[in-house]
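Okay, structure first, notes after.
Basis for what follows: all heavy atoms, side chains included, without hydrogens, waters or symmetry-related copies.
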Amino acid sequence: MKDGFTGIFKENSVLKTLVLCILTIGSYLIYKLYCFSNQINQHTPLKISNVFMAIATMLFTISLGSLLYGFANLPDTTILTSSIGIHAISSVFDIIWIIMVRNRLNLISGSIKNDTLWLNPFITSIFHVIYMQHIINKGLSSNPTQNN
């Protein structure tokens, strides 16, 4: 796309994103994925299904809730072991969502493998929205027309 990230995304602190992802036990990751997806849906034809986002968010919430409840009731591990299936399904949805956002960011930036704005799949799989925000910031700072 011609203007890349300009007019779609805003620069945001990578450190803040990292800290919030850790402090919220991953909930901020889902929030940022939702924000990125919403911005993509509003400003590009590269839509991410709202139904998919709602299902992924619901699964994450149930999964996180069952984990927190299970850890609060240790040493009884019945809850933790009985909720393994929901954790697996939630993880699959989260991974698919991360890949969807990553691929759309690569299309928006017009990047191909080894470009400076290309989101590396390996790094994205480890750092998720933290790495995405870093690349968005890099793309916005390299574009002199970013100030709207």
Side-chain angles (χ1 to χ4, degrees), residues 1-113 115 117-140 146 148:
M1 299 184 104
K2 188 173 77 170
D3 293 328
F5 299 134
T6 304
I8 300 172
F9 301 102
K10 293 189 187 314
E11 197 165 332
N12 207 336
S13 169
V14 173
L15 181 60
K16 177 182 116 179
T17 303
L18 170 65
V19 169
L20 286 173
C21 283
I22 293 168
L23 290 178
T24 62
I25 317 166
S27 296
Y28 192 70
L29 167 105
I30 298 300
Y31 170 75
K32 283 299 276 189
L33 280 174
Y34 174 79
C35 289
F36 289 156
S37 299
N38 194 34
Q39 291 165 318
I40 290 167
N41 287 349
Q42 287 181 8
H43 300 284
T44 73
L46 308 167
K47 308 292 184 212
I48 296 174
S49 168
N50 288 326
V51 173
F52 177 84
M53 291 189 293
I55 292 170
T57 302
M58 179 190 67
L59 288 170
F60 176 83
T61 303
I62 293 168
S63 176
L64 180 61
S66 68
L67 275 175
L68 293 174
Y69 187 76
F71 282 128
N73 290 301
L74 284 176
D76 181 16
T77 60
T78 308
I79 296 166
L80 290 174
T81 55
S82 65
S83 60
I84 289 174
I86 193 71
H87 302 309
I89 294 168
S90 174
S91 295
V92 168
F93 269 78
D94 294 345
I95 291 166
I96 291 169
W97 197 359
I98 290 165
I99 291 169
M100 290 167 66
V101 171
R102 175 196 166 271
N103 290 343
R104 281 157 178 81
L105 289 175
N106 281 337
L107 288 171
I108 291 168
S109 68
S111 296
I112 57 172
K113 190 173 184 175
D115 283 351
L117 297 180
W118 184 70
L119 283 138
N120 181 298
F122 180 71
I123 298 172
T124 305
S125 69
I126 296 170
F127 295 108
H128 312 305
V129 296
I130 299 157
Y131 178 57
M132 291 175 190
Q133 188 63 61
H134 167 71
I135 295 296
I136 288 169
N137 291 352
K138 187 190 271 188
L140 289 172
Q146 79 177 28
N148 300 2

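Side-chain atoms of Asn106 never come within 3.5 Å of backbone atoms of Ser111 as a donor-acceptor pair (strictly under, hydrogens ignored). Panel note: side chain Asn73, backbone Tyr69; a donor-acceptor pair is recorded below 3.5 Å. A donor-acceptor contact shorter than 3.5 Å is absent between the side chain of Asp115 and the backbone of Leu117.
The two residues Gly4 and Ile108 come nearest to each other via the heavy atoms O-CG2, 3.2 Å. Scanning both residues, Ile79 and Ser66, for their nearest heavy atoms gives CG2-O, 3.9 Å. The minimum heavy-atom distance between Asp94 and Ala56, with the atom names listed, is OD1-O, 4.2 Å. Looking at every heavy atom in both residues, Val101 comes nearest to Met132 through CG1-SD, 3.7 Å. Residues Ile40 and Leu46 share a closest heavy-atom pair of CG2-O, 3.1 Å. The shortest non-hydrogen separation linking Gln133 to Val14 is C-CG2, 4.2 Å.
Leu74 CG: more than 12 foreign heavy atoms inside a 6.0 Å radius. Within 6.0 Å of the NZ atom in Lys47, the count of heavy atoms belonging to other residues, nucleotides or ligands exceeds 12.
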Please determine whether side chain to side chain contact (heavy atoms under 4.5 Å, CB included) holds for the pair Ile62 and Ser90, giving the CA-CA distance in whole Å, both sets of side-chain angles, and the decisive distance to 0.1 Å.
CA-CA 9 Å; Ile62 293 168; Ser90 174; over 6 Å; no

Between Ser83 and Leu67, is the side chain to side chain contact (heavy atoms under 4.5 Å, CB included) condition met? List the steps.
CA-CA 8 Å; Ser83 60; Leu67 275 175; 5.7 Å; no

For Phe71 and Leu80, what are the C-alpha separation, side-chain angles and deciding distance, and is it a side chain to side chain contact (heavy atoms under 4.5 Å, CB included)?
CA-CA 8 Å; Phe71 282 128; Leu80 290 174; 4.0 Å; yes

Please step through side chain to side chain contact (heavy atoms under 4.5 Å, CB included) for the pair Leu105 and Ile135, ending with a clear verdict.
CA-CA 9 Å; Leu105 289 175; Ile135 295 296; over 6 Å; no

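Here the straight-line distance linking atom CD1 of Ile30 with atom CE of Met58 works out to 12.5 Å at 0.5 Å rounding.
Judged as a side chain to side chain donor-acceptor pair (under 3.5 Å), and not counting sequence neighbours, the contacts of Thr78 are Asp76. With sequence neighbours excluded, the residues forming a ring pair (Phe, Tyr, Trp, His ring centres under 6.0 Å) with Tyr31 are Tyr28, listed by chain and number. Lys16 is linked by a side chain to side chain donor-acceptor pair (under 3.5 Å) to Asn12, counting only residues two or more places apart in sequence or in another chain. The ring pair (Phe, Tyr, Trp, His ring centres under 6.0 Å) search around Phe9 returns Phe5, Phe36, not counting sequence neighbours. Applying the side chain to side chain donor-acceptor pair (under 3.5 Å) rule to Ser63 yields the partners His87; only residues at least two apart in sequence or on another chain are considered. For Thr124, there are no side chain to side chain donor-acceptor pair (under 3.5 Å) partners, not counting sequence neighbours.
A cation-pi geometry, defined here as NZ or CZ lying under 6.0 Å from the six-membered ring centre and within 45° of its normal, holds between Arg102 and Trp118.
In this structure, Phe93 and Phe52 have parallel ring planes: the angle between them is below the 30° cut-off, well short of the 60° mark.
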